[in-house]
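Right, one structure below, let's go through it.
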Amino acid sequence: MSLLEVSNLSKSFSTRRDLLGRRTGWTHAVRDVSFTLGAGECLAVVGESGAGKSTVGRMVLRLIEPDAGTVTFAGEDVRAAKPARLRQMRRGMQMIFQDPHSSLDPRMTVADAVAEPLVVHTDLDRAARRRRAVELLDKVGIGARYLGRYPAELSGGQLQRVAIARALTLEPKMIVCDEPVAALDVSVRAQVLNLLRDLQEELGLAYLFVCHDLALIEVIADRVLVMKAGEVVESGTTSQIYAAPSQDYTRALLDAVPVPIPRGARQA
Ligand SMILES: Nc1ncnc2c1ncn2[C@@H]1O[C@H](COP(=O)(O)OP(=O)(O)OP(=O)(O)O)[C@@H](O)[C@H]1O
Ligand SMILES: [Mg+2]
């Protein structure tokens, strides 16, 4: 049994309404998508804009309700979980978004943002929560002097590190990373990506790594799922996909690769 098992997931959105408000147009955002993700493994979901990548990621966490299909996490049916149980299950599955500016509360200090999940999910006292936040921020390379700062005072790369620390607070088994470095300066992308990879190794995390840039995923992904117009058109190990993409579409994604990050590149 894999950590995450996704079967025949589908989702349509209504796009148009007539004068009476009846839905008349539909977008099949995701159609019949199936995959598995093992503990400690990284599966990249790649594809052009609008391919349905984010919708898949959000449905896995039930941030969007699927129309059809099943999601099983650690042997448990995510779609059948009642709200209280779903909240508990979400300790084990977290998400990191593209834009750290919008995922962090501007009125909350860095330390409080990282400690906040502990308020909801544990009975640790304030001092213990603080210690845990300091430890996590240290792990992601954010120094003690930033603890009392607000998001507006941090760079995009620093903010994404804070968002990563916050995602780690409850010791998840899996993180859905939705284009976690796409909004960052090219110069800091490799650093944040290396951080994610190091954390994965150290903590045995599984990543569902949504990305449209195939150059980025080569260093982090074990397997790749290629999506087009809501459907999976190709899948395989990362080296298989790189060496011999079977679809013209995948080849075009590979050719569109702009700035490759050297394997093993490491910056402080
Ligand atoms: N809430 C929504 N309401 C209506 N349509 C939506 C909604 N969310 C997504 N869609 C549509 O579903 C399709 C897939 O969107 P999705 O955001 O999953 O794509 P994506 O692969 O993540 O693209 P990108 O690379 O641009 O982030 C698109 O056609 C999009 O317009
Ligand atoms: Mg997206």
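Values below: every heavy atom of this structure, side chains too, minus hydrogens, waters and symmetry copies. Counting starts at 1 for both ligands and their atoms, in listed order. If you're wondering where the values come from, they're calculated on a predicted model, not measured in any experiment.
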Look at R79 together with D77 and state whether they make a salt bridge at an N to O cut-off of under 4.0 Å. no
When you check the gap from the basic side-chain N to the acidic O, do D178 and R58 get nearer than 4.0 Å? yes
Is any side-chain N of the basic residue among E76 and R85 closer than 4.0 Å to the acidic one's carboxylate O? yes
Is it true that some N/O/S atom of T55, main chain or side chain, lies under 2.8 Å from the Mg ion (ligand 2)? no
Just distances here: any N/O of H212 and N/O of ligand 1 closer than 3.5 Å? no
Among protein heavy atoms, which sits nearest to atom 16 (P) of ligand 1, and what does the distance come to when rounded to 0.1 Å? T55 OG1, 3.6 Å
For atom 9 (C) of ligand 1, what's the nearest protein heavy-atom neighbour? Residue, atom name and distance, please. F13 CE1, 3.4 Å
So, for atom 13 (C) of ligand 1, does the protein have a heavy atom nearer than 4.0 Å? yes
How far is atom 25 (O) of ligand 1 from its nearest protein heavy atom, and which residue and atom is that? K53 NZ, 2.8 Å
Quickly, which of R131, K139, R132 forms a side chain to side chain donor-acceptor pair (under 3.5 Å) with E135? Name it, please. R132
Quick check on G50 - does any of its heavy atoms sit under 4.0 Å from an atom of ligand 1? yes
Can E41 and R223 be counted as an ion pair, charged N to O under 4.0 angstrom? yes
Please name the residue in the list V33, I64, V6, V176 that meets the side-chain contact (heavy atoms from CB on, under 4.5 Å) test with M59. I64
Polar-atom distance check: A51 versus ligand 1, any N or O pair below 3.5 Å? yes
Salt bridge or not for E65 and K11, using N-O below 4.0 Å? no
Is the shortest distance from atom 29 (O) of ligand 1 to a protein heavy atom below 4.0 Å? yes
Give the atom numbers and elements of ligand 1 that come within less than 4.0 Å of a heavy atom of T27. 29 (O)
Indicate yes or no: at least one non-hydrogen side-chain atom of R90 is less than 4.5 angstrom from one of L86. yes
Please check if atom CG in D123 has more than 12 non-hydrogen atoms from other residues, nucleotides or ligands closer than 6.0 Å. no
Could you work out, for atom 24 (P) of ligand 1, the closest of S49, G230, A29, G47 by heavy-atom distance? S49
Which option out of S14, A229, G52 puts a heavy atom nearest to atom 19 (O) of ligand 1? G52
Provide, to 0.1 Å, the distance between atom 17 (O) of ligand 1 and the closest protein heavy atom, together with that atom's residue and name. S54 CB, 3.9 Å
